[in-house]
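To start, the structure under review is shown below, and the notes come after it.
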Amino acid sequence: MRSQREIIVVGAGVIGCSIAWRTARAGHRVTILDPDPHASASWVAGGMLAPIAEAWPGDEEALRLGLDSIERWPRFAAELAEDGHDPLLRTEGTLLTGVDTADREVLDTLAGYLDHLGHPVEKLTGSRLRRMEPLLGPAVRGGLHMPGDLAVDNRALLRGLLAAATEHGAAHVPERVTEIGARRVRTEQGTVFEADSVVLAAGAWSARLHPELAETVRPIKGEVLRLRARRGSLPPQGKTVRGIVHGRPVYLVPRADGEIVLGATQYEAGFDTAPALGGVRDLIADAETLAPSLADYELTEVCAGVRAGSVDNAPVLGALSDGVIAAAGHHRNGLLLAPLTADRITEMFLEELV
Ligand code: GLY
């Protein structure tokens, strides 16, 4: 390895923090620039690591990358825990449920596709699903069991990655980058930072920072709610529960501390991160259809974020024509693809490819 490189990472979401942690751990000198890590899509997210439940015909590249990255997740989580920051990986798996006939046809299409690719999933009746997860109500008519999908506490992960990166020597500067080049960036405050390499990992905002990403990366909004069981409520389910409810996707991701993350809408609204009433209404209605007992839960948080959508749902990784290294466009799979992305970027430095 070339002796210690100076690396600037623009963005402290899961991709930027994972790259910062891995490269700082490998001995590089790292500076992370982000005025507000809590504005990232990964802070808002549910924390599903779900290549199988997210699979869909035509998205074979996303499935291939997702399966590669999920294999890296147990080691990634264990190494972060060794560094003192356990991201609370959950291994109970996922149930994908449907309500009406059309929803169940969507599940059948997915099951057939996965079977064809050599990833068979078990089909379950509504009553079997209710025996597995008593929180599910009578509207649930059938589903699929995806035991290999994982989940993580995204906020424990993000706090842990940033803390571990700084403990390995990285510096976090809370300034917003407004100009970017291969070896230098300028912030809104007018500060100039110079380095051997600049990694652009600013999620959807990457599109505003580099002309080559302006056409390929775009913001895709999602509302997310956080709920908490109260005394006398049925406790949260053990597995991640996803649903197609009269055609609309919804998910319920349980946390060890009694929280459930309820997400997420998906639509284009520019960089708007204000939760809209219509999105919140749909999420609550669909969650109650799947699990009527959630009506007793406390609503603890309403938020919205913007995913970094990309043209073909695959991330942009590697040097752009001016030498800026892109790690953006992870769309719905930033948390899932973080270990693979961080490994790829770290290897590029190791092999001096960038
Ligand atoms: N990965 C789930 C979402 O983007 O809502």
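As the structure is a computational prediction, the values presented were derived from the model and not from experiment. Counting convention: from 1, in listed order, for ligands and their atoms alike.
Contact check for N333 versus E54: side-chain heavy atoms found under the 4.5 Å cut-off.
In this structure, W43 and H38 have parallel ring planes: the angle between them is below the 30° cut-off, well short of the 60° mark.
In the model, Q266 has a side-chain atom that pairs as donor or acceptor with a side-chain atom of R332 under 3.5 Å. A donor-acceptor contact closer than 3.5 angstrom links the side chains of T191 and E175.
Under a 4.0 Å N-O distance rule, the pair E347/R344 does not qualify as a salt bridge.
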Atom pairs, nitrogen or oxygen, ligand 1 to protein, under 3.5 angstrom:
residue, atom, partner, partner atom, Å
ligand 1, 1 (N), R332, O, 2.7
ligand 1, 4 (O), R307, NE, 2.7
ligand 1, 5 (O), Y251, OH, 2.7
ligand 1, 5 (O), R307, NH2, 2.8

What donor-acceptor contacts under 3.5 angstrom involve side-chain atoms of residues 106-113, with partners at least two apart or in another chain?
residue, atom, partner, partner atom, Å
D108, OD1, K123, NZ, 3.4
T109, OG1, E105, O, 3.0
Y113, OH, E60, OE2, 2.7

